[in-house]
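Just so you know, these numbers use all the heavy atoms, side chains as well, and skip hydrogens, waters and symmetry mates. The structure displayed is predicted, hence computed values, not measured ones. Here is the naming used below: chain letters follow the sequence lines, and residue numbers restart at 1 for every chain.
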Number of protein chains: 2
Amino acid sequence: MPRSKNTDTAATIKDVAKESGFSATTVSIVLNNAPLARYIPPKTKAQIEKAAKRLGYRPNIFARSLRSKRTHTVGVMVFDMTDPYCTLILRGIENALYQESYLPILTDVQNERSRFERYLEMLLGRQVEGLIVIANWLYTDINLLSDLQKTKTSTVMIGREVGAGTFSSVIVDNEAGGALAYEHLYSLGHRDIAVLRGPKTLSDSDPRWQGVRKFAQSKKIEIDPRLVLDLPDSREPMSCFENGYKLVTELLKRKRTFSAILAFDDLSALGSLRALAKAGIRVPEDCSVVGFDDIPTASVCTPLLTTVRQPMEPMGSQAVHILLEAMQAMQETKAFAPVHRRLAPELVVRESSGRVG
Amino acid sequence: MPRSKNTDTAATIKDVAKESGFSATTVSIVLNNAPLARYIPPKTKAQIEKAAKRLGYRPNIFARSLRSKRTHTVGVMVFDMTDPYCTLILRGIENALYQESYLPILTDVQNERSRFERYLEMLLGRQVEGLIVIANWLYTDINLLSDLQKTKTSTVMIGREVGAGTFSSVIVDNEAGGALAYEHLYSLGHRDIAVLRGPKTLSDSDPRWQGVRKFAQSKKIEIDPRLVLDLPDSREPMSCFENGYKLVTELLKRKRTFSAILAFDDLSALGSLRALAKAGIRVPEDCSVVGFDDIPTASVCTPLLTTVRQPMEPMGSQAVHILLEAMQAMQETKAFAPVHRRLAPELVVRESSGRVG
DNA sequence: TCCCGAAGTTCGATTTAAATG
DNA sequence: GCATTTAAATCGAACTTCGGG
């Protein structure tokens with residue numbers, strides 16, 4: 001009755017073989033339920049399984065991956081983990097992968113090219129079977145894309161539609177969102193709406209503005225260009241807050257009249273809130289404010305922020321599902337045409353918007 | 001001149017051997033700068049390195065780990081990734097590991113026991129060389145600890161001091177923080193200070209309160225027990241916001257007079273801000289509010305929140321350094337006594353606190 | 001055990017081909 | 001040929017040992 005085991009090191013397949021009295025081959029076949037397992041009598045299977053359990057056998061994934069070339073991991077690259085916009089997307093990714101027994105390896109690029117390169121190397125070195133990139137960074141760097149394109153790893157981008165021929169993507173429908181926000185304010189009776197447009201280099205900026213413009217056009221509304229302000233470019237994640245504050249403060253000084261602010265995102269909306277408070281303007285009684293994103297802060301600030309929500313968790317899980325399909329295709333060496341998903345945003349009415357007074 | 005290469009699959013050490021004209025052994029020795037590399041002439045080294053680069057050779061980490069038993073990865077378990085308190089700690093961890101060329105494998109337990117168990121299995125299966133646990137969860141589950149203790153993997157806990165005999169830990173000095181907050185309000189002239197104590201099951205709650213109490217004692221201040229409120233237990237991450245709001249609203253109804261609120265954390269401070277705003281009480285003119293943590297929201301809400309900052313990034317990096325030492329000791333099969341670090345908090349004075357009016 | 005390099009074994013699991021009755 | 005089992009080759013790198021200058 002072989003019993004003593006080296007307790008210091010994990011049990012291997014050979015230990016299970018010895019313990020059960022069968023060969024390593026048979027153990028492998030049984031435990032993996034391989035095709036050949038058909039021919040193995042239930043009794044043998046039971047014995048092997050019992051032995052494996054008794055020893056607490058856990059296959060060594062390095063040996064396994066070395067042989068099978070499969071790793072059951074996917075790489076996830078975030079450009080800035082501290083961006084509140086990320087965490088819920090990560091949640092969505094995480095949950096979807098968890099169900100499929102895939103392990104995400106998460107890397108935080110911190111908006112640095114060198115980190116991007118090094119982490120990409122690391123992930124490829126670990127033979128991730130796929131890649132999800134959360135592109136919440138503030139500048140387009142075409143070189144990063146080419147790095148990515150050289151990879152033959154299936155890739156899905158979240159938050160950006162770039163290299164559309166190569167990568168799949170999941171983004172929010174920014175145009176619809178812009179229209180949603182404007183429509184909300186318009187339907188509350190607002191006619192003098194200040195618009196804070198996003199930084200030029202950010203790909204979300206233009207479509208949101210187009211949404212606003214098209215809605216205005218359809219209603220034959222004239223947008224006063226003096227009420228349209230531009231947030232400057234910056235790599236600082238908090239810059240939109242600062243700049244939202246500054247732009248609204250200046251606008252106030254110029255004595256332009258407006259009864260509402262349509263901000264580019266929640267951060268600039270928060271900056272607006274601050275500027276209005278400093279000027280003694282009540283929200284929403286004297287002025288309404290609408291944000292975009294629905295970051296966690298939007299539901300704990302005072303007043304609670306009305307905003308256009310990006311469906312972050314669905315974006316994450318959709319990305320995973322696309323990726324899994326692409327990986328599947330890759331596995332079977334079939335072609336896979338990149339898919340581009342555009343999810344609908346949702347208006348969340350809270351306290352910062354109200355009827356024009 | 002051997003040139004054609006199977007472009008479909010990654011180059012192996014044998015390919016480099018063939019390309020350079022040396023044996024796989026020599027290639028391995030050179031590329032790893034192993035002890036024997038001393039004897040190898042620079043010319044050989046150069047040739048091999050050039051060949052490696054030419055082929056884009058990247059060692060297969062599965063083969064490597066299989067042999068060497070080293071993985072250069074550490075597992076990181078977070079109990080709730082969406083908790084804003086986490087991300088900066090993760091930054092600290094990430095940066096410290098990056099410098100040492102370790103890769104973190106991050107898992108989000110989502111406060112679920114089953115996920116904890118499964119992820120722990122996964123991480124151990126991947127032979128992480130160490131484990132960092134960010135214990136920002138709201139309930140003590142002693143069983144989790146025993147799961148962890150069974151592991152012989154070096155472990156550092158952040159945010160909690162439990163199983164002190166087994167695990168190292170890094171926490172903020174909550175007592176000092178409580179005192180800091182109270183002292184700040186006291187020095188601004190406040191004498192009627194409402195205190196929102198944390199949920200009973202949360203390990204941070206008591207020491208913060210002790211800090212307050214001891215400071216009051218030292219100044220011979222009598223704390224009015226009717227101004228001391230308790231946040232109820234809850235597993236909901238946002239509960240402190242809701243409950244802070246409720247407690248302050250009720251306190252206001254009872255017509256207790258107070259000129260300041262010392263909240264358990266930033267979320268309950270935010271809830272307080274909201275309650276005060278609804279009641280038409282201005283902050284800080286009519287009432288001061290101090291939080292704890294310094295979550296990102298604290299610097300974008302209106303008014304900006306005065307708070308006691310936890311040094312999140314240092315906490316993360318300290319944890320890494322402790323872990324690295326523990327791993328080193330483990331490697332050399334030396335004993336390693338758990339170390340317990342308690343970092344000093346820092347008062348951040350912003351806009352929500354002012355002289356008693 | 002100086003200097004240089006290579007053949008062969010090992011890690012743990014999978015898989016192919018083949019050996020039993 | 002069939003059901004049942006297994007020895008041996010394989011994955012890629014690292015390490016031990018060995019053989020000539």
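Between B:Ser114 atom OG and B:Tyr119 atom OH the span is 10.0 Å, to the nearest 0.5 Å.
The distance from atom NZ of A:Lys43 to atom C1' of D:dA3 is 16 Å, rounded to the nearest whole Å. To the nearest angstrom, P of D:dA3 lies 18 Å from CZ of A:Phe22. In this structure, CZ of B:Arg126 is placed 18 Å from P of C:dG12, rounded to the nearest angstrom. Put simply, CG on B:Leu66 is 14 Å from P on D:dC11, counting in whole angstrom units. Summarising the geometry, the separation between CG on B:Leu31 and P on D:dA14 is reported as 8 Å, rounded to the nearest angstrom. Rounded to whole angstrom, the span from the OH atom of A:Tyr39 across to the C1' atom of D:dG1 amounts to 11 Å. Following rounding to the nearest Å, B:Gln127 (CD) and C:dC11 (P) show an atom-to-atom distance of 14 Å. We find that NE2 of B:His72 is positioned 17 Å from P of D:dA13, with the value rounded to whole Å.
The residue B:Ser65 sits apart from the nucleic acid: no heavy atom pair falls under 4.0 Å.
Annotation: side chain to side chain donor-acceptor pair (under 3.5 Å) contacts of A:Ser169 (sequence neighbours excluded): A:His340. With sequence neighbours left out, A:Glu332 forms a side chain to side chain donor-acceptor pair (under 3.5 Å) with A:Gln328, A:Lys334. For A:Arg70, the side chain to side chain contact (heavy atoms under 4.5 Å, CB included) partners are A:Ser68, A:His72, A:Tyr102, A:Glu129, A:Gln331, not counting sequence neighbours. Scanning for salt bridge (Lys or Arg N to Asp or Glu O under 4.0 Å) contacts around B:Arg58 gives A:Glu121, with sequence neighbours left out.
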Which atom pairs, one a donor and one an acceptor, fall under 3.5 Å between side chains of residues 45-52 of chain A and the rest of the protein, sequence neighbours left out?
{"unit_1": "A:Lys45", "atom_1": "NZ", "unit_2": "A:Ala37", "atom_2": "O", "d": "3.4"}

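Between B:Lys69 and C:dG12 there is a side-chain polar atom (N or O) within less than 4.0 angstrom of OP1 or OP2.
Between the A:Ser168 side chain and the A:Val339 main chain, a donor and an acceptor come within less than 3.5 Å of each other.
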Task: Per-nucleotide protein contact string for nucleotides 13-21 of chain C (B base, S sugar-phosphate only, - none; heavy atom under 4.0 Å) - done: BBBB-----
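Taking the C1' atoms of five terminal pairs at each end of the helix from C:dC2-D:dG21 to C:dG21-D:dC2, the two resulting helix axes are inclined by 80°, rounded to 10°.
Listed by first then second residue, pairs satisfying salt bridge (charged side-chain N to carboxylate O under 4.0 Å, His left out) with a partner in residues 317-328 of chain B number zero, not counting sequence neighbours. Here side chain to side chain donor-acceptor pair (under 3.5 Å) pairs that include residues 312-322 of chain A, with residues two or more places apart or in two chains, are A:Gln318-A:Arg341.
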